[in-house]
Every structure is written in structure tokens, then in C-alpha cells.
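After the C-alpha cells below, expect a handful of questions from me.
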Amino acid sequence: MADAILVVDRLEKRFGGNRAVDGASFEVARGSITGLIGPNGAGKTTCFNCIAGAIRPDGGRVTLNGQDVTGWPPHRVYAQGLSRTFQIPQELSGMTVLENVMLTARDHPGENLWEPILRPWRVASREAEVREHAMAMLRQVNLEPLAHERAGTLSGGQRKLLELARALMADPELVLLDEPSAGVNPTLASRLVEDIRTINRERGVTFLVIGHDMDVVARLCDRLVVMTSGRVMVEGTPDEVLNNAEVQEAYLGSQYR
Ligand SMILES: Nc1ncnc2c1ncn2[C@@H]1O[C@H](COP(=O)(O)OP(=O)(O)OP(=O)(O)O)[C@@H](O)[C@H]1O
Ligand SMILES: [Mg+2]
């Protein structure tokens, strides 16, 4: 691939005797929205965890922006431009939507003990900058009107949008989304698709998205990678993949037709 932001090469991860990821190889083109699909237990989430550094692979290589990041801890992979969504922890549900987004900002000088005493003006201006940036991210996912509501009052779908806004705070180049529309009502799921497409187009952010809902995935993605039993079975455009006889037989045939 000419310009791959992410290269996953013969990735392996075992849990005891279970080969969760068993030599998976695929690439994600810079600027694309790539879907990772496959039946339950295919190893999709485990792949994500290996890419983002949450777990160490047993074999293979992950290359991000030309840099070998295999086995790096999550904060280093994050600093290299990869972001992923996390569920809003219970403790943060009492804080406002805006505060939740602001909390993810890096290098928060308010956390430096001496900075507020020695250079209070810098803290104040940085605080205002972070607030403004957080507001821009909320605007991007159409949550600006809810900025001052408590996060705990959001619906499931709105929460997903907030998680996306949080993931965008660090200006990532690549964002991993694990089933962003799971449990989200169809109206909000469509909004989520629109938001991801807009962010991709306007900010040039590349997305790698695990999805189950074929309608959502086909509408959202430029390319699909199909995993079964820890390996990549087929790759291509949504049209190519969804019309592939092997895919229909092994995966779609059983579950979606
Ligand atoms: N932490 C773990 N410890 C032990 N086994 C695990 C662990 N995480 C995943 N597995 C196993 O690895 C295999 C792949 O799981 P994984 O969650 O990656 O699949 P998936 O494709 O994300 O499935 P789903 O579509 O259901 O989310 C499964 O057999 C699962 O039981
Ligand atoms: Mg999963």
C-alpha cells in the first residue's frame, strides 16, 4: 500500500491454548475509514488491544506512521498519534460533558504544582485554550448544547459521541473505534456515521472501526477487512467484500441473510 498509516503484520496473540489472533495481516490507508468485521470471537478486539498497547502480542509486528510500535505501552502509542475511545468511568458521570472532554487534555499545566504559583497567567490562558479546544470537539459531534449538563444524564448514544469527542482531544492521526454504534438507537447511529465521516473529511483523521451492523459498516467505510479465527480472510471495498461468496458463506450467510 502506498501510504499506510498502520501496518499489522502476522500478528499473534494466544490466551492459553486459544489462538485469539493467529497471524493477522492488514494495512490501513492514511485518510481512510477502514472497517474490521468478522464473527464473534474472530479476534477483532484482541487485535485492537495489541495495536493500542493494552496487551502485548506474542508475535508479529505493528507499525504506526512508519514506526515499529510493537509491544509499546499505551501512552507511548497514544503519543505517536493513536487514540481510542473509552467508556466514561462512573466517577466522571457527575462532572459536566465539557469537563469530561477537558480532562483528557495532555500537558495540563494546572496539574503542575508550581506553575499556578509562579506563572498563574500561563495556567489561565492554557485553561482557556483547553476549554476552547474541548468546545470545538463537542461542536464536531453536535454535543455543544449539552456542554454544561452532567455526563451521567446523557443517553447511551450521546455517551458514544462524548467518548468520540474525548478521543479527538489529542488531535490523533488514527482513531480506533470498537463497535461505536452498539446499543445506539438508529437515529443516533446515523448521526455517529455522519460525524465520523465529517471528522475524517475535515480533520483528515483516519479511522479503524470494528462493526457488527452491516448497514452501518457499509455506509461508513471505504474499505473492509474481514477476520475469522484470528486471521484476515478477505479485504476490499464494502461492495467487493459483501458480495464475496466466501464471506457470505462463512460469515454473512449464517448471521445476516
Ligand atoms: N483477556 C482474555 N483472556 C482469555 N481469552 C480471551 C481474552 N480476550 C479475548 N479472549 C478470547 O480470544 C478470542 C477472540 O476474542 P475477541 O474479543 O478478540 O473477539 P472479537 O472478534 O472482538 O469478538 P466480538 O465480535 O464478540 O467482540 C475469543 O475466543 C475470546 O474468548
Ligand atoms: Mg470485540
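Numbering of ligands and ligand atoms starts at 1, following listing order. All values reported here derive from a predicted model rather than from experimental measurement.
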Quiz item: Are the side chain of Asn65 and the backbone of Gln67 linked by a donor-acceptor contact shorter than 3.5 Å?
Solution: no
Quiz item: Taking both backbone and side-chain atoms of Gly38, is any N or O found less than 3.5 Å from an N or O belonging to ligand 1?
Solution: no
Quiz item: atom 25 (O) of ligand 1: which protein heavy atom is closest, and how many Å away?
Solution: Lys44 NZ, 2.8 Å
Quiz item: Any side-chain heavy-atom pair from Ile55 and Thr46 closer than 4.5 angstrom?
Solution: yes
Exercise. Return the option from Ala182, Ala54, Cys47, Ala20 holding the heavy atom at the smallest distance from atom 12 (O) of ligand 1.
Key: Ala20
Self-check item: Main-chain N/O of Leu92 paired to Asn100 side chain as donor or acceptor, under 3.5 Å
Solution: yes
Quiz prompt | Whichever hydrophobic residues join Leu64 through chains of side-chain contacts under 4.5 Å | solution = Ile5, Leu6, Val8, Leu11, Val21, Phe26, Val28, Leu36, Phe48, Ile51, Val62, Val69, Trp72, Val77, Leu82, Leu174, Leu176, Leu208, Ile210, Val225, Met227, Val232
Quiz item: Numbering the atoms of ligand 1 from 1, which are under 4.0 Å from a heavy atom of Asn40?
Solution: 23 (O), 24 (P), 25 (O), 26 (O)
Quiz prompt | Any donor-acceptor N/O pair, Arg84 side chain to Ala167 backbone, under 3.5 Å | solution = no
Quiz prompt | Protein contact of atom 14 (C) of ligand 1 - nearest heavy atom, named by residue and atom, plus distance | solution = Gly41 O, 3.5 Å
Quiz item: Just by distance, with hydrogens left out, do Asn185 and Arg191 show a side-chain donor and acceptor under 3.5 Å apart?
Solution: no
Exercise. For ligand 1, note which part of Asn18 has a heavy atom under 4.0 Å away: side chain, backbone, both or neither.
Key: side chain
Exercise. Measure distances from the Mg ion (ligand 2) and count the protein N, O or S atoms below 2.8 Å.
Key: 1
Quiz item: Has Arg150 got more than 12 heavy atoms of other residues, nucleotides or ligands less than 6.0 Å from its CZ?
Solution: no
Quiz item: Around Arg219, counting heavy atoms of other residues, nucleotides and ligands shown, do more than 12 lie under 6.0 Å from its CZ?
Solution: yes
Quiz item: Distance only, no hydrogens: is a donor on one side chain within 3.5 Å (strictly under) of an acceptor on the other, for Thr45 and Asp178?
Solution: yes
Exercise. State, with a plain yes or no, whether a side-chain heavy atom of Arg203 is found less than 4.5 Å away from one of Met137.
Key: yes
Quiz prompt | For atom 19 (O) of ligand 1, the protein heavy atom that lies nearest, with its residue and separation | solution = Gly43 N, 3.3 Å
Quiz item: Any N or O of Phe15 that comes nearer than 3.5 Å to an N or O of ligand 1?
Solution: no
Quiz item: Under a 4.5 Å cut-off applied to non-hydrogen side-chain atoms, are Leu168 and Ser83 in contact?
Solution: no
Self-check item: Thr45: numbered ligand 1 atoms lying under 4.0 Å from its heavy atoms
Solution: 17 (O), 18 (O), 20 (P), 22 (O), 27 (O)
Quiz prompt | Ligand-side contact atoms (ligand 1) for residue partner His212, heavy atom cut-off under 4.0 Å | solution = 25 (O)
Quiz item: Going by the atom numbers of ligand 1, which of them fall below 4.0 Å from some non-hydrogen atom of Thr46?
Solution: 9 (C), 14 (C), 15 (O), 16 (P), 18 (O)
